[in-house]
Each structure stands twice: as C-alpha cells, then as structure tokens.
Amino acid sequence: DAALTTSAQYGEYLHTIKGTAYLGRRDLARARAEFETSLKADRNFLPARLGLARVYIAQGKTAEARRELEAVLAAQPSNQEARSLLSTLR
C-alpha cells in the first residue's frame, strides 16, 4: 500500500521524466501523453507544462506552445526557460 501511495504522490514527476525521455527520442505522441498525464495529477506542475510546450513547438503548434509558456510565466515570472522558449515563437 505504501508503494502505491508513493507512486500516486509522485506520479507527476514520473510522467514528466518519461515525457522528457520520449521527447528526446522524438516520439512526440508519447511525450505529449506523458506530460498531459502529469498535468492531470497536478495541473500546476511547471516542468510538465514546459515539456508540453516543447512538444507543441516540435509539432509546429505555436498557439498551444504559447499558451503553456504563458501559464508557466504567470505562475513563475522569473522562469528563464519559459522566457527563452517564448522568445523563439515571436
């Protein structure tokens, strides 16, 4: 039972790590699915939002990427990664 609780508690981390690995392999569909699963566990988990934005950028979905990056910056205005990625979309 404790293992299941820990897994559920840290699920957003696990799914974000898996999403990042899939993104690195250019498996965008699986990466997106993992980041979205992470955000279902915690919709405010910024690393997953950044990962999802990177997927959208790779897919050429500028509006969707901008939406995710702006959400990151609304929560954390000093996030340099989000600022840098957003500047590439302009």
Side-chain angles (χ1 to χ4, degrees):
D1 290 335
L4 291 176
T5 301
T6 301
S7 177
Q9 183 179 3
Y10 298 108
E12 66 273 18
Y13 293 96
L14 174 62
H15 290 290
T16 298
I17 290 167
K18 288 173 68 176
T20 301
Y22 284 128
L23 184 59
R25 293 174 51 193
R26 305 290 298 165
D27 188 340
L28 301 180
R30 285 185 176 168
R32 179 178 174 177
E34 292 295 341
F35 292 129
E36 288 174 344
T37 299
S38 178
L39 290 169
K40 285 178 188 173
D42 180 354
R43 67 183 185 89
N44 297 313
F45 192 57
L46 300 183
R49 289 216 175 272
L50 286 168
L52 188 55
R54 287 184 176 280
V55 169
Y56 287 142
I57 290 169
Q59 292 176 327
K61 296 181 178 181
T62 305
E64 292 89 339
R66 182 173 281 115
R67 180 189 69 229
E68 295 301 330
L69 294 169
E70 288 174 351
V72 170
L73 290 172
Q76 192 178 60
S78 64
N79 190 298
Q80 291 302 313
E81 183 178 359
R83 287 189 180 283
S84 176
L85 288 171
L86 191 58
S87 73
T88 67
L89 301 178
R90 296 176 191 212

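In this text the structure is predicted, and so the values were computed from the model without any measurement. Values reported hereafter were calculated over all heavy atoms of this structure, with side chains retained and with hydrogens, waters and symmetry mates removed.
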*Asks:* Which distance, rounded to the nearest 0.5 Å, do you find between the CD of Glu64 and the CD of Gln59?
*Replies:* 8.5 Å
*Asks:* Can you list every pair that meets ring pair (Phe, Tyr, Trp, His ring centres under 6.0 Å) and has a residue in residues 50-89, with sequence neighbours left out?
*Replies:*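 Ring pair (Phe, Tyr, Trp, His ring centres under 6.0 Å) check on residues 50-89 returns no pairs.
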*Asks:* Once ring pair (Phe, Tyr, Trp, His ring centres under 6.0 Å) is applied, do any residues pair with Tyr22, and if so which ones, sequence neighbours excluded?
*Replies:*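 Residues passing ring pair (Phe, Tyr, Trp, His ring centres under 6.0 Å) with Tyr22: none at all.
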*Asks:* Can you tell me which residue pairs pass the salt bridge (Lys or Arg N to Asp or Glu O under 4.0 Å) test with a partner in residues 66-76, sequence neighbours excluded?
*Replies:*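 Counting only pairs at least two positions apart or across chains, the salt bridge (Lys or Arg N to Asp or Glu O under 4.0 Å) contacts touching residues 66-76 are Arg49-Glu68.
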*Asks:* Listed by chain and number, what are the side chain to side chain contact (heavy atoms under 4.5 Å, CB included) partners of Ala58, not counting sequence neighbours?
*Replies:*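 Here the qualifying residues are Arg26, Leu28.
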*Asks:* Grab the two heavy atoms, one from Ser38 and one from Ala48, that are nearest each other, plus how far apart they are.
*Replies:*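 What the structure gives for the nearest pair is OG-CB, 3.5 Å.
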*Asks:* Name all pairs fulfilling the side-chain hydrogen bond (donor to acceptor under 3.5 Å, both in side chains) condition that reach into residues 80-89, sequence neighbours left out, sorted by first residue then second.
*Replies:* Arg54-Glu81
*Asks:* Linking Ile, Leu, Val, Met, Phe, Trp and Tyr through side-chain heavy atoms less than 4.5 Å apart, which residues share a cluster with Leu89?
*Replies:*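 Its cluster mates, by chain and number, are Leu46, Leu50, Ile57, Leu69, Val72, Leu73, Leu85, Leu86.
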*Asks:* Considering only residues two or more places apart or on different chains, which pairs with a residue in residues 63-90 satisfy ring pair (Phe, Tyr, Trp, His ring centres under 6.0 Å)?
*Replies:* none
*Asks:* Please list all pairs meeting ring pair (Phe, Tyr, Trp, His ring centres under 6.0 Å) that have one or both residues in residues 66-90, counting only residues at least two apart or in different chains.
*Replies:* none
*Asks:* Please collect all salt bridge (Lys or Arg N to Asp or Glu O under 4.0 Å) contacts where either partner lies in residues 34-48, sequence neighbours excluded, each pair once.
*Replies:* Lys18-Glu34, Arg32-Glu36
*Asks:* For Thr37, check side chain to side chain contact (heavy atoms under 4.5 Å, CB included) against everything at least two apart and list the hits.
*Replies:*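 Only His15 meet the side chain to side chain contact (heavy atoms under 4.5 Å, CB included) criterion with Thr37.
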*Asks:* Quick one: closest heavy-atom pair of Thr16 and Phe45, and the distance?
*Replies:*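 For Thr16 versus Phe45, the nearest heavy atoms are OG1-CE2, 3.3 Å.
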*Asks:* According to side chain to side chain donor-acceptor pair (under 3.5 Å), who are the partners of Gln76, at least two apart in sequence or on a separate chain?
*Replies:* Asn79
